[in-house]
Amino acid sequence: MTALLDVILPVFLVIGFGYLAVWRGLFSNAGVDGLMVFTQSFAIPCLLFRAISSLDLGQNFNLALLSSYYLPAFLCFLLGMFGARQFFRRGWEDAIAIGFCCLFANSVLLGLPITERAYGADALAANYALIALNSPFCYGVGITAMEIARNRGGSRSALGRKVLKAMFSNNLIIGISLGFVVNLGGIPLPGVLTDGIDLMVRAALPAALFGLGGVLYRYRPEGDMRAILYVCAISLIAQPAMSFAMTNALNLSSAEIRSTVLTAAMAPGVNAYIFANMYDRAKRVAASSVLIATALSIITAWGWLAVLP
């Protein structure tokens with residue numbers, strides 16, 4: 001109960017304030033859009049840039065850690081995609097969008113604050129290592145699969161250009177990439193610059209959580225409930241269970257197990273809807289899955305915290 005009250009509920013209270021503010025007309029939809037542009041395009045890329053630029057890459061980027069998260073994530077993408085085809089008779093493009101919902105966990109807006117509140121700021125190194133590859137990996141898998149489905153028989157070079165253009169026009173990936181450049185290049189940053197970036201970083205998560213609440217108000221469930229619950233089950237139960245099994249089998253440290261499982265246990269992020277909207281496929285399933293899984297993760301995250309070392 002302590003984990004629920006002290007760790008999880010404060011995060012979801014901020015989301016709830018955003019939801020309530022938009023519901024009651026105290027905060028406009030235009031304000032939500034502006035807030036999300038600020039957080040997604042500026043503040044969170046700054047957060048990721050600062051984290052990656054100062055991360056000990058040799059210590060935190062290890063194959064066992066990355067495999068324990070990304071192999072289950074990819075398997076869940078396949079479960080989502082083929083399940084949508086087999087159980088719900090969706091077309092390939094819809095199935096890929098549903099698979100993407102099962103793949104893209106909300107590692108930043110939910111995973112970071114919950115891990116930090118549970119284990120402290122010093123416990124986030126493995127989170128940042130996983131987040132650094134999350135957008136490139138997920139968008140790479142999703143865009144490649146979708147472009148193959150949409151352009152059967154097209155040239156491989158054209159496919160490669162489309163995938164790279166879509167990935168590297170994403171501000172999150174740009175922030176991560178610049179962080180790697182500074183880290184690997186040993187580039188010193190002037191204090192006035194890092195102080196300014198840190199001001200943006202401190203605003204990132206609270207503003208993003210409030211904005212997420214406003215965004216979720218728009219995504220009220222409308223049908224497709226079986227497919228939505230299927231996505232929730234894969235995202236909240238199957239993926240963290242696979243990661244928990246792998247982290248223990250590979251003898252990862254307690255800190256790495258916590259970060260990996262909690263990241264895997266998060267609901268689909270808003271990027272799942274952005275991807276579906278980008279291709280105009282399975283938007284209702286994606287939007288409602290983000291909303292319902294986020295609500296359910298209050299309980300499931302509490303359960304995972306209870307079993308973690």
Side-chain angles (χ1 to χ4, degrees), residues 67-107 110-111 130 133-152 163 166 216 219-247 260-301 303-304:
S67 299
S68 296
Y69 180 78
Y70 285 107
L71 180 57
F74 183 68
L75 291 175
C76 287
F77 170 76
L78 297 179
L79 281 174
M81 181 175 65
F82 288 114
R85 285 283 293 173
Q86 181 68 30
F87 303 137
F88 311 118
R89 307 302 180 190
R90 306 297 286 252
W92 275 116
E93 293 178 32
D94 274 21
I96 291 166
I98 291 170
F100 192 86
C101 293
C102 301
L103 171 68
F104 204 113
N106 199 340
S107 57
L110 295 181
L130 297 173
L133 300 182
N134 197 42
S135 288
F137 177 82
C138 293
Y139 275 107
V141 169
I143 292 169
T144 300
M146 188 65 82
E147 293 298 335
I148 289 172
R150 289 164 63 94
N151 300 285
R152 295 182 183 90
V163 172
L216 291 178
Y219 298 162
R220 295 180 292 279
E222 297 176 328
D224 290 318
M225 190 55 65
R226 290 173 61 239
I228 293 164
L229 293 177
Y230 181 73
V231 171
C232 292
I234 292 175
S235 299
L236 302 179
I237 300 172
Q239 185 172 344
M242 293 180 196
S243 287
F244 186 68
M246 283 196 67
T247 53
T260 303
V261 175
L262 281 179
T263 302
M266 294 300 103
V270 173
N271 281 290
Y273 175 74
I274 292 172
F275 181 85
N277 189 59
M278 183 167 67
Y279 287 104
D280 195 27
R281 293 291 176 179
K283 291 191 292 185
R284 183 163 60 187
V285 173
S288 296
S289 295
V290 171
L291 174 61
I292 293 175
T294 299
L296 291 175
S297 64
I298 297 174
I299 302 302
T300 57
W304 285 111

Candidate pair Phe104 and Ser135, rule side chain to side chain contact (heavy atoms under 4.5 Å, CB included), full reasoning: CA-CA 8 Å; Phe104 204 113; Ser135 288; 3.9 Å; yes

Student check: side-chain heavy atoms of Thr247 and Tyr69 closer than 4.5 Å: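 No, their side chains stay 4.5 Å or more apart.
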
Leu79 side chain near Leu75 side chain, heavy-atom distance below 4.5 Å: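 Answer no - side chains too far apart.
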
Do you know the tightest heavy-atom contact between [X] and [Y]?
{"X": "Gln239", "Y": "Leu103", "result": "OE1-O, 4.3 Å"}
{"X": "Leu236", "Y": "Met266", "result": "CD2-C, 4.1 Å"}
{"X": "Ala97", "Y": "Ala282", "result": "CB-CB, 3.9 Å"}
{"X": "Gly142", "Y": "Ile96", "result": "O-CG2, 4.0 Å"}
{"X": "Ser289", "Y": "Pro268", "result": "O-CD, 4.3 Å"}
{"X": "Trp304", "Y": "Ala265", "result": "CD1-CB, 3.7 Å"}

Measure the [atom1]-[atom2] distance between [X] and [Y] for me, rounded to the nearest 0.5 Å.
{"X": "Phe88", "Y": "Ile228", "atom1": "CZ", "atom2": "CD1", "result": "10.0 Å"}
{"X": "Asp224", "Y": "Ile98", "atom1": "CG", "atom2": "CD1", "result": "7.5 Å"}
{"X": "Arg85", "Y": "Asp94", "atom1": "CZ", "atom2": "CG", "result": "10.0 Å"}
{"X": "Met81", "Y": "Arg90", "atom1": "CE", "atom2": "CZ", "result": "14.5 Å"}
{"X": "Asn106", "Y": "Thr263", "atom1": "CG", "atom2": "OG1", "result": "10.5 Å"}

Under 3.5 Å, is there a donor-acceptor pair between the side chain of [X] and the main chain of [Y]?
{"X": "Thr144", "Y": "Val141", "answer": "no"}
{"X": "Ser243", "Y": "Ser68", "answer": "yes"}
{"X": "Tyr70", "Y": "Leu130", "answer": "yes"}

Test log, rule side chain to side chain contact (heavy atoms under 4.5 Å, CB included), inputs Leu291 and Ser288: CA-CA 5 Å; Leu291 174 61; Ser288 296; 5.6 Å; no

Whether Phe87 and Tyr230 hold their rings parallel, tilted or perpendicular, with breakpoints at 30° and 60°: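 Perpendicular.
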
Reference residue Phe100; test ring pair (Phe, Tyr, Trp, His ring centres under 6.0 Å); the match among Phe137, Phe275, Tyr279, Phe74: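 Only one of Phe137, Phe275, Tyr279, Phe74 forms a ring pair (Phe, Tyr, Trp, His ring centres under 6.0 Å) with Phe100, namely Phe275.
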
Verdict with supporting geometry, Cys76 and Met242, side chain to side chain contact (heavy atoms under 4.5 Å, CB included): CA-CA 9 Å; Cys76 287; Met242 293 180 196; 4.1 Å; yes

Stepwise side chain to side chain contact (heavy atoms under 4.5 Å, CB included) check, Val261 with Met246: CA-CA 10 Å; Val261 175; Met246 283 196 67; over 6 Å; no

